[in-house]
Amino acid sequence: MVPFSAMRMPATERGRAVVERILASATEQIHKSGLHGVSLDDILDEAGVGRGQFYRYFDSRDDLVPLVFEREVDNWARRHASELARLAEPGGFAQLAESLVALSARTRLRRWCPVAALAVDVVRDPSPVAVAARRAAMRRMAEHLEVGLVAAQRGGMLDADADPHRLANTFLACFEGGLLVAVATGELAALEGALAAALLVFSSHGLS
């Protein structure tokens with residue numbers, strides 16, 4: 001659970017089920033319509049939850065933003081769990097790149113990465129909660145990559161003077177930027193090229 005939400009933790013199983021329905025609905029609705037295209041009533045109607053129940057655990061719709069970010073990052077990590085677990089192996093990042101491209105191909109480039117799309121949506125919201133949630137989400141995505149790079153470095157597959165944190169953010173930026181251009185143009189080659197560029201940077205630091 002991210003530390004930026006003002007959610008009051010439910011004490012009962014029933015309360016936890018209510019919160020889960022709210023968060024599931026918020027994630028789905030925001031995913032489809034964007035943060036600024038969804039009202040609290042939209043979320044609660046879809047969840048089958050009344051305002052009284054909502055305000056038992058939250059003060060406002062804004063409290064949902066950090067938690068939706070958290071769920072989207074977790075969903076991304078689950079989709080690519082097998083590749084993320086093998087990043088320290090030879091060809092591990094190449095396999096992740098192939099998986100990212102394959103997923104985009106299967107969805108026919110209908111959408112950008114939900115985490116990045118929400119982060120851009122939140123740029124229009126200068127509130128400290130939204131800013132902190134956006135930064136935390138992107139850091140968590142990069143950390144999934146950095147874990148593999150650190151392990152590769154310890155195993156001698158990555159140069160000792162390489163910066164895993166910087167390289168993780170390089171890969172993430174190539175993925176998100178490449179996917180945005182691919183979605184905008186309808187050309188998967190944009191994503192393929194961006195990820196190939198990231199892998200080339202990795203290879204310059206000894207990582208195959």
Side-chain angles (χ1 to χ4, degrees), residues 1-5 7 20 22-38 42-43 46 61-85 87 92-93 95-149 164-185 188 190-192 194-195 197-198:
M1 196 73 68
V2 290
F4 313 110
S5 174
M7 185 184 84
E20 173 57 29
I22 293 171
L23 293 178
S25 173
T27 302
E28 180 180 354
Q29 295 293 318
I30 291 172
H31 178 78
K32 287 193 296 189
S33 304
L35 177 64
H36 301 283
V38 176
D42 293 332
I43 293 169
E46 178 69 21
R61 190 198 69 150
D62 291 344
D63 293 343
L64 298 173
V65 174
L67 301 172
V68 170
F69 263 119
E70 182 86 350
R71 290 170 73 94
E72 292 288 24
V73 174
D74 288 344
N75 288 339
W76 179 82
R78 275 194 294 270
R79 280 194 296 272
H80 303 288
S82 60
E83 291 82 17
L84 291 171
L87 290 181
F93 273 90
Q95 291 176 14
L96 175 60
E98 290 175 4
S99 176
L100 293 169
V101 170
L103 176 60
S104 296
R106 287 197 300 274
T107 59
R108 297 185 180 180
L109 295 173
R110 290 197 181 101
R111 61 183 176 84
W112 193 17
C113 168
V115 181
L118 182 54
V120 170
D121 215 8
V122 167
V123 166
R124 290 183 284 165
D125 183 350
S127 71
V129 169
V131 171
R134 181 186 73 223
R135 290 175 177 171
M138 300 311 292
R139 277 198 303 268
R140 285 190 63 230
M141 287 187 75
E143 284 167 2
H144 282 292
L145 306 171
E146 189 174 345
V147 165
L149 288 163
H165 177 74
R166 186 182 182 89
L167 291 176
N169 279 287
T170 296
F171 189 94
L172 181 60
C174 287
F175 164 56
E176 297 292 10
L179 181 55
L180 174 60
V181 175
V183 170
T185 62
L188 195 61
L191 176 58
E192 293 172 328
L195 289 173

Using a strict threshold of under 4.0 Å (side-chain N to carboxylate O), is an ion pair present between R71 and E28? no
Are side-chain heavy atoms of V129 and D62 found at a separation under 4.5 Å? no
Shortest non-hydrogen pair, P66 vs A133, comes out as CA-CB, 3.7 Å
Looking at every heavy atom in both V115 and A137, which two are closest together, and how far apart are they? CG1-CB, 4.1 Å
Taking H165 for its side chain and E146 for its backbone only, find out whether a donor-acceptor pair lies under 3.5 Å. no
Side chain to side chain, E83 and E98, heavy atoms closer than 4.5 Å: no
Hey, does the side chain of R61 reach the backbone of V38 with a donor-acceptor pair shorter than 3.5 angstrom? yes
Please state whether the rings of F93 and F171 are parallel, tilted or perpendicular, taking 30° and 60° as the class boundaries. perpendicular
Smallest separation among heavy atoms of A190 and A182, with atom names: CB-N, 3.8 Å
Just checking R79: does its CZ atom have more than 12 heavy atoms from other residues, nucleotides or ligands closer to it than 6.0 angstrom? yes
When rounded to the nearest 0.5 angstrom, what distance separates CE in M141 from CZ in F69? 11.0 Å
If we only count heavy atoms from C-beta on, is the L96 to L84 side-chain gap below 4.5 Å? yes
Could you measure the distance from the OG1 atom of T185 to the CG atom of L180? Nearest 0.5 Å is fine. 9.0 Å
From NE2 (H80) to NE2 (H144), nearest 0.5 Å: 11.0 Å
Rounded at 0.5 Å granularity, tell me how far OG1 in T107 sits from CG in L179. 7.5 Å
Working to the nearest 0.5 angstrom, can you tell me the gap between L103 CG and C113 SG? 9.5 Å
Check whether any side-chain N or O of T27 sits under 3.5 Å from a backbone N or O of L23 as a donor-acceptor pair, and report yes or no. yes
Donor-acceptor contact below 3.5 Å, side chain W112 vs main chain E176: yes
If you take all heavy atoms of L188 and A105, which pair is closest and at what distance? CD2-CB, 3.9 Å
Return the CG to CG distance between L145 and L149, rounded to the nearest 0.5 Å. 7.0 Å
Nearest atoms (heavy-atom pairs only) where A26 meets L64: CB-CD1, 4.0 Å
We want to know whether R166 and N169 form a side-chain donor-acceptor pair, criterion being a heavy-atom distance below 3.5 angstrom. no
Under a 4.5 Å cut-off applied to non-hydrogen side-chain atoms, are H31 and V68 in contact? no
Exercise: identify the closest heavy-atom pair between A168 and A142: CB-O, 3.5 Å
Under 3.5 Å, is there a donor-acceptor pair between the side chain of S25 and the main chain of I43? yes
Contact between N75 and R78 at the side-chain level, heavy atoms closer than 4.5 Å - yes or no? yes
